[in-house]
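Heavy atoms only: backbone and side chains are in, while hydrogens, waters and symmetry mates are out.
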Amino acid sequence: ETILFTAKGPFGRRDDVSVRVTVLAQPVALRLLTFPEVTLVSGDTTELALDEYVDVGTPAELHWVVAGETITAVSIDSTGNARIRVDEADLQGREILLFTATDVDGNVASQILNVRVGAALRLVSIPDLELLQGETVVLSLDDYVASGSVLELLWSASAGPLLDVEIVA
């Protein structure tokens with residue numbers, strides 16, 4: 001672009017001067033959107049397309065890193081896909097992972113991902129029962145949970161036509 005400045009003096013004389021202006025693009029700030037909370041149990045794996053959580057207008061070429069892995073194992077491929085897994089059995093708790101993206105201009109942005117890890121549900125065998133017709137037996141089903149939280153269980157039962165099963169919370 002060119003700007004032309006003109007000056008006119010008191011005796012009618014005038015002079016012009018021009019200046020060339022180059023307009024540079026404003027760097028786009030790297031901004032990440034909020035990740036959803038992830039829930040996993042032992043042996044589970046989930047994938048997260050990290051680039052889907054980059055604000056519109058951000059350069060497409062990003063380098064991702066992650067920090068904070070203690071319960072989970074995370075790998076990020078060259079296309080920005082994170083694979084999050086829990087390998088060890090019976091791990092429980094919360095983990096906060098910090099994902100950091102860097103663009104080609106050196107701009108950096110970070111966002112946390114909350115991961116909830118629960119132990120895989122495992123039940124132990126209930127011993128076989130022998131009942132007389134009309135007899136009632138009461139079982140505390142929570143006693144047969146080997147791992148996992150009994151607070152979040154929803155029990156159901158199915159039986160043959162000779163048995164009437166009722167689950168009482």
Next item on the list: For side-chain contact (heavy atoms from CB on, under 4.5 Å), just list the numbers for Tyr53 and Leu48, CA-CA rounded to whole Å, side-chain angles, deciding distance to a tenth of an Å, and then say yes or no.
Entry: CA-CA 9 Å; Tyr53 297 93; Leu48 188 65; 3.6 Å; yes
Note to self: Give me the atom names and distance for the closest heavy-atom approach of Thr2 to Ser18.
What the structure shows: CG2-CB, 3.9 Å
Margin query: Using the rule given for side-chain contact (heavy atoms from CB on, under 4.5 Å), can you reason through Val66 versus Ile76, listing the C-alpha separation, both sets of side-chain angles and the distance that settles it, and then say yes or no?
Written below: CA-CA 8 Å; Val66 64; Ile76 303 172; 4.1 Å; yes
Item checked: Side-chain donor or acceptor of Glu95 paired with backbone N/O of Thr72 under 3.5 Å -> yes
Checklist line | More than 12 heavy atoms of other groups within 6.0 Å of Ile96 CD1 | finding: no
Checklist line | Nearest-0.5 Å distance that lies between atom CH2 in Trp155 and atom CG in Leu139 | finding: 10.0 Å
Item checked: Arg85 bridged to Asp87 by N-O distance under 4.0 Å -> yes
Next item on the list: With sequence neighbours excluded, tell me which residues meet side chain to side chain donor-acceptor pair (under 3.5 Å) with Thr100.
Entry: Ser110
Next item on the list: Would you kindly confirm whether Leu163 and Leu129 end up in one hydrophobic cluster when ILVMFWY residues are joined by side chain heavy atoms under 4.5 Å apart?
Entry: no
Notebook entry, point to check: Distance only, no hydrogens: is a donor on one side chain within 3.5 Å (strictly under) of an acceptor on the other, for Asp142 and Ser140?
Noted result: no
Checklist line | Spacing of Ile84 atom CD1 and Thr45 atom OG1 [to the nearest 0.5 Å] | finding: 9.5 Å
Notebook entry, point to check: Is there side-chain contact between Gln111 and Thr34, with heavy atoms separated by less than 4.5 Å?
Noted result: yes
Next item on the list: Can you measure from CD (Glu52) to CG (Leu33) and round to the nearest 0.5 angstrom?
Entry: 10.5 Å
Margin query: I'd like to know whether Val19 forms a side-chain contact (heavy atoms from CB on, under 4.5 Å) with Phe5, so could you lay out the CA-CA distance, the side-chain angles of the two residues, the decisive distance to 0.1 Å, and finally the verdict.
Written below: CA-CA 8 Å; Val19 62; Phe5 294 100; 3.7 Å; yes
Check: Would you say Val21 and Ile3 make side-chain contact, with heavy atoms under 4.5 Å?
Finding: yes
Checklist line | Test side-chain contact (heavy atoms from CB on, under 4.5 Å) applied to Glu37 and Arg94, step by step | finding: CA-CA 10 Å; Glu37 183 173 289; Arg94 288 194 173 274; 3.3 Å; yes
Note to self: Tell me which one of Ile71, Asn114, Val115 satisfies side-chain contact (heavy atoms from CB on, under 4.5 Å) with Leu97.
What the structure shows: Val115
Checklist line | Crowding at CG, Asp143 (>12 non-hydrogen neighbours, <6.0 Å) | finding: yes
Checklist line | Sequence neighbours excluded - ring-ring contact (aromatic ring centres under 6.0 Å, His included) pairs with any residue from residues 107-139 | finding: none
Notebook entry, point to check: Transitively linked via ILVMFWY side-chain contacts under 4.5 Å: Val137 with Leu123?
Noted result: yes
Notebook entry, point to check: Is it the case that more than 12 heavy atoms not belonging to Glu1 sit under 6.0 Å from its CD atom?
Noted result: no
Next item on the list: Grab the two heavy atoms, one from Ala109 and one from Leu30, that are nearest each other, plus how far apart they are.
Entry: CB-O, 3.4 Å
Item checked: Spacing of CG belonging to Leu50 relative to CG belonging to Leu62, to within rounding of 0.5 Å -> 9.5 Å
Margin query: Applying a strict under-4.5 Å side-chain criterion to I, L, V, M, F, W and Y, I'd like to know whether Val124 and Ile167 cluster together.
Written below: yes
Note to self: Donor-acceptor pair, distance only, cut-off 3.5 Å: does the side chain of Asp105 make one with the backbone of Asn107?
What the structure shows: no
Next item on the list: Look up atom NE2 in His63 and atom OG in Ser78, then write down how far apart they are to the nearest 0.5 Å.
Entry: 11.0 Å
Notebook entry, point to check: If Ile, Leu, Val, Met, Phe, Trp and Tyr residues are connected whenever their side-chain heavy atoms lie under 4.5 Å apart, and connections chain through other members, are Ile126 and Val145 in the same group?
Noted result: yes
Item checked: Listed partners of Thr6 passing side chain to side chain donor-acceptor pair (under 3.5 Å), at least two apart -> Asp16
Next item on the list: Over all heavy atoms of both residues, which pair between Ala157 and Val165 is shortest? Give the atoms and the distance, please.
Entry: CB-CG1, 3.6 Å
Notebook entry, point to check: Do Phe99 and Val74 touch side chain to side chain, with heavy atoms closer than 4.5 Å?
Noted result: yes
Next item on the list: Output the distance between atom CD1 (Ile112) and atom CZ (Phe35), rounded to the nearest 0.5 Å.
Entry: 10.0 Å
Check: Tyr144 and Pro127: which non-hydrogen atoms are nearest, and at how many Å?
Finding: CE2-CD, 3.9 Å
Check: Counting N and O atoms only, with roles assigned by atom type, does the side chain of Asp77 sit under 3.5 Å from a partner on the main chain of Gly80, one being a donor and the other an acceptor?
Finding: yes
